[in-house]
Structures are given as structure tokens and as C-alpha cells.
Amino acid sequence: MIAKRAAEMTSFIVMDVLEKAHEMERQGIDIIHLEVGEPDFDTPQCIKDAAEKALKDGHTHYTHSLGMIELREAICEYYSNTYAVTIDPDQIIVTSGTSPAMFMLFSTLLEENDEVIISDPHYACYPNFIKFLKGTPVTVAVYEDDGFQYRTAAIKEKISKKTKGIFINSPSNPTGNLLSAERMQKIAQLSPYIISDEIYHGLVYGDKEHSIFEFTDRAFVFNGFSKLYAMTGFRLGYVIAPKPFIRPMQKIQQNFFISANAMVQMAGIAALKYAHNDVTAMKNTYDQRRKYIIKRLREIGFGITKEPTGAFYVFANAKHLGLDSYKLAFEILENAHVGVTPGIDFGQNGEGYIRFSYANSLENIKEGMRRIEAYLKIRA
Ligand SMILES: Cc1ncc(COP(=O)(O)O)c(C=O)c1O
């Protein structure tokens with residue numbers, strides 16, 4: 001009854017943890033959420049005001065299928081100011097979050113059985129997009145002692161005639177680590193297109209992230225407003241692509257999605273123009289939490305070889321607690337009442353790790369660490 005492509009889709013395990021946590025909360029149990037991959041901050045006021053004003057001003061209709069020109073121009077300005085790269089507004093399609101942008105790009109790029117290289121571990125949804133659109137994800141293992149960075153030699157070994165793209169994600173979900181400029185430069189010189197998910201750009205602490213466009217134009221960029229501007233529920237993102245790909249993707253947008261939400265696009269313009277101070281404040285707070293959680297996780301016995309300097313995740317080695325990260329995550333939830341995400345959610349090579357999100361208050365993180373420490377002391 002159910003089509004194969006839908007039946008074969010794997011669930012997002014973090015959602016299983018979250019659902020179990022919600023069930024426990026309904027029974028009156030207090031849970032600390034360190035599993036969730038979204039900012040705990042309220043959306044900055046200037047963004048909410050712009051959305052409200054847009055609604056009052058009648059921005060309640062379809063927009064251009066590529067997105068409002070003012071927003072596309074603001075995105076170009078942002079890339080120019082941040083990375084000194086030149087992007088034309090006609091290279092951008094504004095979408096309802098980066099997720100539909102991934103759907104549109106892989107629909108345009110992949111013939112049946114074409115391959116896309118992804119790191120292992122990787123953001124859980126990448127292989128599902130690729131497989132759903134009849135491509136084949138090919139994994140390249142990345143390792144803790146190397147800061148979970150790609151090795152160019154390992155990528156080269158996996159490139160075949162069918163390789164259409166190499167997916168990079170820096171800062172990365174789940175590892176919180178960055179790809180160095182040197183490695184990006186080398187990867188950019190390989191022949192397939194580079195597909196760069198830049199959604200965690202801006203959330204970088206004492207380090208510097210790079211856009212793939214600093215190294216090559218043979219690239220696609222996904223970016224969005226969910227993380228940096230705490231706008232997950234607005235659903236706003238975009239894809240930047242070489243011009244020949246825009247028209248085919250635009251047709252997919254027109255047929256399947258028509259346009260991104262008009263008032264949300266107005267909010268996106270405000271985010272890019274006026275939310276700088278709010279972003280700085282959120283970033284400073286994330287950084288405080290990051291330092292604290294790394295210190296405490298190490299004290300409790302988790303392994304963190306290279307300190308993560310981006311996004312809001314720590315991917316901690318928990319192999320001393322047994323290899324089954326799925327079981328361990330549920331064990332921690334049920335006994336310590338702390339939600340965490342099992343590494344296996346992010347690929348085979350993520351097994352033995354636990355992802356901790358510090359998108360929660362310092363007070364809650366402190367309590368979460370206290371609970372986990374207490375539980376692990378009495379664990380058999
Ligand atoms: C690496 C990565 N890419 C994309 C997304 C999806 O973002 P959006 O809300 O823009 O669809 C997420 C969300 O967790 C993510 O972690």
C-alpha cells in the first residue's frame with residue numbers, strides 16, 4: 001500500500017527521543033532537553049515587528065517564485081560583507097526553510113543512481129533527500145582525532161564517474177566542528193560540484209567559518225534563518241546556485257511550492273538588516289554555555305578530543321559506556337531525565353557518541369550535567 005520511497009525513509013531518531021521525553025513530561029516528570037537542535041531564544045523583536053508590520057501592510061499574497069528581490073539583494077549584500085564574494089540576486093531562490101531547497105536541488109541535479117558524497121557522521125536528513133530523489137549517498141568516514149574533518153584523500157577514493165556532488169557542512173551538525181580553509185580549498189579543487197550547507201554560519205566561537213564561494217563558483221549553497229536568527233518556525237531559507245540551475249529549480253518551486261511566505265520574507269529582510277546586535281548577544285551566550293558544557297562533559301568522563309567551535313552541539317565520545325548509543329540515550333532519558341541524541345542518528349560512524357545540544361539555558365545545562373553525573377556514578 002505504501003510506496004517504496006516513502007516506506008524506506010528512516011525516521012529521525014532524535015524525534016523518537018523527544019516523543020518519549022514528552023510522554024514522560026505528561027506523567028509529571030521534569031526533563032532537561034539537550035537533544036533539541038533548535039535555538040531556545042525567542043526570535044529577536046525587530047524580526048517579529050517586521051513580520052507583524054508585513055501582515056498589517058498586506059504582504060499576504062504570493063511573491064515572485066525566486067523570492068522578493070529586496071530579500072535576494074539583502075542576501076547578496078550579506079555574502080559580500082561577510083565573505084567578500086559576489087553573488088547575483090538571480091542566483092538565489094528563497095524557500096520555506098533550507099529543507100525544501102535541498103529537495104529542489106537534488107531533484108535538479110541527480111539522475112537515477114547518481115552519487116553524492118557525504119561525511120559520516122552527517123546531518124540525519126541528507127541521505128534521505130538523496131535517496132528519495134533516486135540518488136545514492138556515498139559516505140566518507142570522518143574521525144574524532146581529526147576534528148571530524150574530511151580528508152581529501154578519503155574523498156578522492158570515493159569519487160566515481162557517477163559522483164555529482166560533495167556535501168560539506170561547516171560548522172557541522174552533529175559535531176559542531178569546522179572545516180579548515182586549507183581543506184575546503186583542496187576539496188573545492190575536486191571535480192564534482194560542492195554542495196555547502198551553511199546554515200550554522202554566524203554561530204562560530206573564536207574561529208572563522210568560510211563560504212565555499214571563497215574557493216569555487218562550481219558550488220551550491222544552502223542557508224537559512226532558522227539557526228542564526230532563532231527563526232525555525234518562520235520557515236525561511238534559500239539556495240544559491242550557478243545560473244543554469246536556477247530556471248529548472250524555479251520550475252520546481254512554481255509547481256510544488258509557488259513561493260516562500262510573503263510576510264516571512266519581510267521578516268528575513270529585517271533579520272539581515274537589523275538583528276546584528278541580537279545575534280551577537282545570542283552568540284555570546286552560546287559561547288558561555290559551550291565552554292561550560294565541554295568542561296563538565298570532560299569531568300564526567302566523556303571524550304572531546306577537539307573542542308567544537310561552531311553551531312550549538314558537542315559530539316562526545318561515550319564508548320566507555322557501551323557501544324549502543326540508541327540504548328544509552330534512552331537509558332539517560334529514563335534514569336537521569338535528560339534528553340540527548342544518540343550518535344547513530346547521524347550515521348554508522350556516529351555510533352558510540354552522544355550529541356549534546358547547548359541550545360538551552362546555562363541553568364538547565366548545569367542541572368542536566370548534574371543529573372547525568374549522578375546517574376553514571378550509580379550505573380552498573
Ligand atoms: C545541518 C542542517 N541543515 C539543515 C537543517 C534544516 O533547516 P531548516 O529549518 O532551514 O529547514 C538543519 C536543521 O536542524 C540542520 O541541522
Side-chain angles (χ1 to χ4, degrees), residues 10-18 33-41 43 47 67 71 75 92-106 116 118-130 132 137 139 142 148 150 165-179 194-204 209 211-212 220-240 253 256-257 260-261 264-265 267-268 271-272 286 308 310-315 339 341 343 345-347 350 355-360:
T10 54
S11 74
F12 204 173
I13 298 174
V14 63
M15 289 305 180
D16 295 346
V17 177
L18 196 60
H33 291 278
L34 302 182
E35 75 280 46
V36 191
E38 71 169 326
D40 57 311
F41 297 107
T43 308
I47 301 175
L71 176 55
I75 293 167
I92 300 174
I93 308 186
V94 176
T95 51
S96 301
T98 59
S99 308
M102 291 186 201
F103 177 84
M104 281 163 46
L105 174 61
F106 291 121
V116 179
I118 58 174
S119 65
D120 181 4
H122 49 72
Y123 172 51
C125 303
Y126 293 157
N128 282 328
F129 279 109
I130 297 163
F132 194 80
T139 55
V142 291
F148 295 103
Y150 267 127
I166 301 166
F167 216 139
I168 63 173
N169 173 218
S170 166
S172 141
N173 178 5
T175 71
N177 281 337
L178 270 72
L179 201 52
I194 312 299
I195 302 159
S196 177
D197 182 349
E198 302 188 351
I199 192 158
Y200 289 101
H201 274 219
L203 294 178
V204 176
E209 71 277 44
S211 172
I212 192 63
F220 300 92
V221 161
F222 298 124
N223 206 337
F225 294 76
S226 289
K227 314 288 176 175
L228 186 59
Y229 299 102
M231 287 173 68
T232 42
F234 279 72
R235 310 306 305 128
L236 188 64
Y238 52 93
V239 53
I240 311 175
Q253 170 98 311
F256 293 170
F257 309 114
N261 180 316
V264 165
Q265 292 187 56
L272 290 169
Y286 283 132
F312 34 66
Y313 305 114
V314 180
F315 204 57
T341 309
D345 206 8
F346 309 99
R355 188 193 74 175
F356 295 87
S357 161
Y358 48 90
N360 203 334

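One-based numbering, in listed order, for ligands and for the atoms of each. Please read these numbers as outputs of a predicted model, since none were measured by experiment.
- At a 4.0 Å heavy-atom cut-off, ligand 1 touches Tyr200 through the side chain alone.
- Nearest residue to atom 11 (O) of ligand 1 from Gly224, Ser99, Gly97 is Ser99 (criterion: closest heavy atom).
- Nearest protein neighbour of atom 5 (C) of ligand 1, counting heavy atoms only, is Tyr123 OH, 3.5 Å.
- With rounding to the nearest 0.5 angstrom, the CD atom of Gln265 is 13.0 Å from the CZ atom of Phe234.
- Using modelled atom types, one finds no donor on one side chain facing an acceptor on the other under 3.5 Å when comparing Ser170 with Glu209.
- The Ser226 neighbourhood of ligand 1 comprises atoms 8 (P), 9 (O), 10 (O), with distances under 4.0 Å to a heavy atom of that residue.
- Listed by atom number, the atoms of ligand 1 under 4.0 Å from Tyr126 heavy atoms are 1 (C).
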Using the ring-ring contact (aromatic ring centres under 6.0 Å, His included) rule, take Phe103 and Phe129 through it: C-alpha gap first, then chi angles, then the decisive distance, then the call.
CA-CA 6 Å; Phe103 177 84; Phe129 279 109; 7.4 Å; no
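- The closest approach between Phe225 and ligand 1 stays at or above 4.0 Å for every heavy atom of the residue.
- Of the listed residues (Ser172, Pro174, Pro171, Ser357), just one forms a side-chain contact (heavy atoms from CB on, under 4.5 Å) with Tyr313, and that residue is Ser357.
- Taking each of Thr95, Asp197, Thr98, Asn169 in turn, the one with a heavy atom nearest to atom 8 (P) of ligand 1 proves to be Thr98.
- For Asp197 and Thr98, the side-chain atoms include no donor-acceptor pair closer than 3.5 Å.
- With distances taken over non-hydrogen atoms, the option nearest atom 14 (O) of ligand 1 out of Met102, Arg235, Lys227 is Lys227.
- Of the N and O atoms on the side chains of Thr232 and Glu38, at least one donor lies less than 3.5 Å from an acceptor on the other residue.
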